[in-house]
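Everything on this sheet refers to the single structure shown next.
Each ligand, and each atom within it, is numbered from 1 in the order the structure gives.
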Amino acid sequence: MDPTNKPKGPSPHYSLYQRQVFKDGGLHGKLPSFSVHSDELAESVKKKLNDRGFFYANSNAGLGWTDRANREAFYRWRIIPRMLVDTNTRDLTTELFGHRIPAPILFAPIGLNKLYTPQGELVPAKIAGELGLPYCLSTAASQTIEDVAGANDLGASVKNESNSVHSYNGHGGNAKSPRFFQLYMGHDDQITISLLERAWRSGFDVCMLTVDTWQLGWRPTDINIANYAFYYPGAIGNEMGESDPVFMQKHGEELKQDPGKWIDSSVWHGKAHTWEKIPWLIKEWKHAVKAQQLGCEGIVVTNHAGRQVDGAVGSLEVLPDIVDAVGDKMKIIFDSGVRTGADVFKAIALGAHAVQVGRLYVWGMAHEREAGCRHVMKSLLADLDILMTVAGYPSITKDVNRKALKYNPYGIYPRGEQAKLILAEAVPLELKVRELRSRARKEDWEISRTYQVALDRKCEALAKLPETKRATLVKIDKFNEYIANIRKWMVDMRLLKEQYVASETPPQPSRTPVTQVTPGDLQGISARIKGLEHRLSKYCDVSAVSRAYQSVLQSETQVAVPMEVDPTTRPPTPDEDEWSELEEGEIRESPRQLSSRTRRSNVGPPQLLYQIHKFRASRDTHSAILNRVDQKSKAILNAASMLHQRLHGVDIPAFSDVALSVIGSEEVATMLQDELSSTCDAERVKAFLLKLNHETDVYGHVWIDLQKTLALARVGGW
Ligand SMILES: Cc1cc2nc3c(=O)[nH]c(=O)nc-3n(C[C@H](O)[C@H](O)[C@H](O)COP(=O)(O)O)c2cc1C
């Protein structure tokens with residue numbers, strides 16, 4: 001879209017975010033650091049969180065069938081695009097409980113955000129303020145009501161196209177941005193009232209009572225690791241209770257003994273409320289907000305993201321019925337399973353007034369805190385805005401209704417089981433490849449693209465050619481195995497890098513500094529740094545490594561040799577031969593010169609030798625790690641080359657040449673031998689490979705022939 005030609009309208013130009021992403025990449029080489037494809041996002045978050053965070057965010061009730069039903073329900077409703085409609089001026093704005101908001105999207109209440117990012121709820125609350133979208137705070141939050149309100153106002157304090165849409169004509173509050181309070185209602189009314197009053201005073205003017213979670217659902221993947229943050233040392237999740245004067249007055253002492261006191265008594269207490277209690281709550285809340293009428297004004301159509309009742313109906317499946325029953329009398333907020341602009345569109349078309357998203361923003365902040373949360377939410381808004389224009393629907397409130405959809409009862413989400421398996425394999429590789437690509441290596445982009453093509457081909461092949469199913473499966477099997485290896489190497493690479501950087505952490509100087517760096521030292525050091533940079537430039541953040549390296553070397557060389565050396569670590573007095581082991585360029589002085597110099601500065605040869613020993617030991621560690629990095633990187637290049645080779649026949653493009661130049665045939669054979677040892681007779685395969693390699697002398701041919709051979713090897717049980 002041409003940003004100089006923005007049509008005026010009530011709605012922010014969210015679609016321009018797409019352009020910004022493209023420009024950041026195209027002009028400045030800055031790519032998003034994670035995928036906003038929700039399947040990929042759900043997958044990559046595994047690597048960003050520890051088990052507690054990951055499983056709490058992603059666990060579902062039982063076998064996860066309700067979660068699946070949520071997504072399947074979206075699949076069955078199809079949008080009917082309309083062409084040649086004037087969508088130049090679009091309108092996503094809507095109204096909810098007196099708040100005019102820029103788009104019909106809310107931040108769902110999600111508890112325990114500190115599991116995902118150290119600042120917890122402050123992060124999404126701030127981003128919601130930036131976007132002017134309602135933020136709903138959970139009673140199970142890990143930040144206080146007052147702090148969250150502050151973060152939300154902070155986000156809203158800088159005005160932009162999105163949050164300046166917000167206006168309020170209700171009776172509530174003092175908030176700069178719309179914020180709602182989700183209540184888990186305990187059985188101590190005084191505590192409930194205290195929470196409501198705090199929320200009200202902090203500008204939360206809508207109360208959302210959650211009625212499906214008096215008790216957490218049975219979530220096996222949380223059970224497996226006893227995943228209940230409250231009972232662990234340094235518990236998180238008590239912040240709401242600890243900051244509540246009524247709760248603390250009643251139970252403060254008990255909380256010291258029992259960290260579960262807050263959650264077990266006031267949040268997930270296990271004792272059901274019934275409809276009889278609701279008028280009381282409304283009265284209390286209404287009393288607080290001084291509203292005109294009594295009665296619930298809205299309903300959230302949700303199944304808690306499939307986390308409570310397993311095997312339940314998908315949330316979207318029941319939306320039309322609920323809309324038919326009360327849609328004209330109440331505000332309907334929909335959630336559970338919203339991942340894309342199309343999902344928002346479908347829920348609105350089926351009668352919701354707004355939707356909430358939960359996991360999506362959790363995954364975003366788990367990746368990159370504020371920036372990640374902002375990125376997923378802006379992406380969702382852009383996705384919706386763009387969908388509106390490409391599908392020909394200018395106004396979300398006026399044009400998007402059931403006529404925009406067609407129901408298809410026969411859909412299967414997402415694809416056949418086998419295709420699904422392959423996709424599951426594809427996702428991690430794709431992410432790894434993206435990681436590499438962001439290091440600006442053209443070749444990696446190539447892997448990613450060709451991988452996609454290959455994947456599509458595989459899926460097609462699978463669907464179309466049942467008679468060759470067996471052969472195809474053999475290939476797919478191999479393909480996946482090979483991908484698994486790449487993945488392993490990538491992980492190893494990262495570990496190695498971390499290990500490397502960690503090993504470079506400079507020791508704290510604990511000795512008197514004297515200047516003893518000779519020009520030879522400096523020369524050696526700078527040569528070494530250059531070499532290091534060169535070798536690592538393809539795989540690591542070179543400047544960080546270089547900085548770390550420089551500082552360790554500096555501290556090693558500029559720090560004085562100890563005057564009093566610990567006798568236990570001190571090496572024996574050297575004999576002349578040991579001096580000759582010094583490498584050229586490292587210290588360019590003869591033992592005699594060194595001795596006289598060290599004598600001048602009161603530092604004896606044994607100490608200096610000790611220092612040199614240390615220096616060399618640390619250097620040796622570095623080179624050992626470097627060697628391993630090298631080995632791994634060769635393996636990766638090798639694998640990349642294979643993939644490329646495999647997809648493009650024997651015409652090896654430039655980047656494969658790189659691989660060829662660093663990998664000898666022996667290494668290829670060894671690597672493949674390792675790779676294949678679980679399925680074939682490794683020695684035979686290796687011998688075969690070496691022979692082939694010798695005969696053809698072109699590595700690419702080896703791989704091509706290897707494929708055939710492998711199929712034979714497996715079928716024939718080599
Ligand atoms: C990790 C997680 C924590 C949640 N915590 C709460 C909560 O504290 N209170 C609540 O009412 N709902 C909670 N929910 C439900 C969400 O408010 C919302 O219904 C759900 O996330 C929407 O589905 P989605 O994640 O597919 O968008 C939670 C959901 C998730 C995934």
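Ligand 1 does not have Val362 within reach: every non-hydrogen atom of the residue lies 4.0 Å or more from it. At least one heavy atom of Arg339 sits closer than 4.0 Å to an atom of ligand 1.
The shortest N/O to N/O separation between Arg359 and ligand 1 falls below 3.5 Å. Not one N or O of Ala108 is nearer than 3.5 Å to an N or O of ligand 1, by distance alone. The N/O atoms of Pro109, backbone and side chain alike, include one that comes under 3.5 Å of an N/O atom in ligand 1. Not one N or O of Leu360 is nearer than 3.5 Å to an N or O of ligand 1, by distance alone. Checked by distance only, ligand 1 and Asp335 come closer than 3.5 Å through their nitrogen or oxygen atoms.
Both the sub-6.0 Å distance and the 45° axial angle are satisfied by Arg78 relative to the ring of Tyr75. Cation-pi geometry between Arg179 and Phe107 is not met at under 6.0 angstrom from the ring centre and within 45 degrees of the axis. A cation-pi arrangement is present between Arg52 and Tyr232, with the terminal nitrogen or guanidinium carbon under 6.0 Å from the aromatic centre and inside a 45° cone about the axis.
Which parts of ligand 1 touch Val357 is read off a 4.0 Å heavy-atom cut-off, strictly below it: atoms 27 (O). Atoms of ligand 1 found under 4.0 Å from any heavy atom of Thr302, numbered from 1 in the order shown, are 19 (O). Listed by atom number, the atoms of ligand 1 under 4.0 Å from Gly111 heavy atoms are 3 (C), 4 (C), 5 (N), 6 (C), 7 (C), 8 (O). For ligand 1 and Tyr116, the ligand atoms under 4.0 Å from any heavy atom of the residue are 1 (C). Those atoms of ligand 1 that come under 4.0 Å of a heavy atom in Tyr56, given as number and element, are 1 (C). For ligand 1, the atoms sitting less than 4.0 Å from at least one non-hydrogen atom of Ala57 are 1 (C), 31 (C), numbered in the order shown with element in parentheses.
The aromatic rings of His99 and Tyr168 sit parallel to each other, their planes meeting at less than 30°, with 60° as the upper class boundary.
Of the candidates Gly53, Gly358, Ser336, Ser336 brings a heavy atom nearest to atom 23 (O) of ligand 1. Nearest-heavy-atom check against atom 26 (O) of ligand 1 across Ser38, Gly337, Ser59 picks out Gly337. Closest to atom 8 (O) of ligand 1 by heavy atom, among Ser138, Ala305, Ala140, Gly237, is Ser138.
With a 4.0 Å heavy-atom cut-off, ligand 1 is reached by no atom of Tyr361.
For the side chain to side chain donor-acceptor pair (under 3.5 Å) with Asn303, the lone residue among Asp212, Asp310, Asn70, Asp335 that qualifies is Asn70.
Annotation: Lys406, atom NZ; neighbour count of heavy atoms from other residues, nucleotides and ligands within 6.0 Å does not exceed 12. In Lys250, the NZ atom is crowded: over 12 heavy atoms of neighbouring residues, nucleotides or ligands sit closer than 6.0 Å.
Here the side chains of Glu239 and Lys114 are in contact, with some heavy-atom distance below 4.5 Å. Between Phe334 and Gln356 the shortest side-chain heavy-atom distance does not fall below 4.5 Å.
For atom 15 (C) of ligand 1, the nearest protein heavy atom (residue, atom name, distance) is His304 CD2, 3.4 Å. Closest to atom 9 (N) of ligand 1, if we only count protein heavy atoms, is Tyr184 OH, 2.8 Å. In terms of protein heavy atoms, atom 11 (O) of ligand 1 is closest to Thr210 OG1, 2.7 Å. For atom 29 (C) of ligand 1, the nearest protein heavy atom (residue, atom name, distance) is Ile110 CD1, 3.5 Å.
Smallest separation of non-hydrogen atoms from Ala141 and Glu121: CA-OE2, 3.2 Å.
Taking the six-membered ring for Trp and the full ring otherwise, the centers of Phe204 and Tyr135 sit at least 6.0 Å from each other. Here the two rings, on His273 and Trp214, have centers that are under 6.0 Å apart.
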In sequence, state the C-alpha distance, the side-chain angles, and the governing distance for His375 and Tyr361, and then conclude on ring pair (Phe, Tyr, Trp, His ring centres under 6.0 Å).
CA-CA 9 Å; His375 181 48; Tyr361 82 74; over 10 Å; no
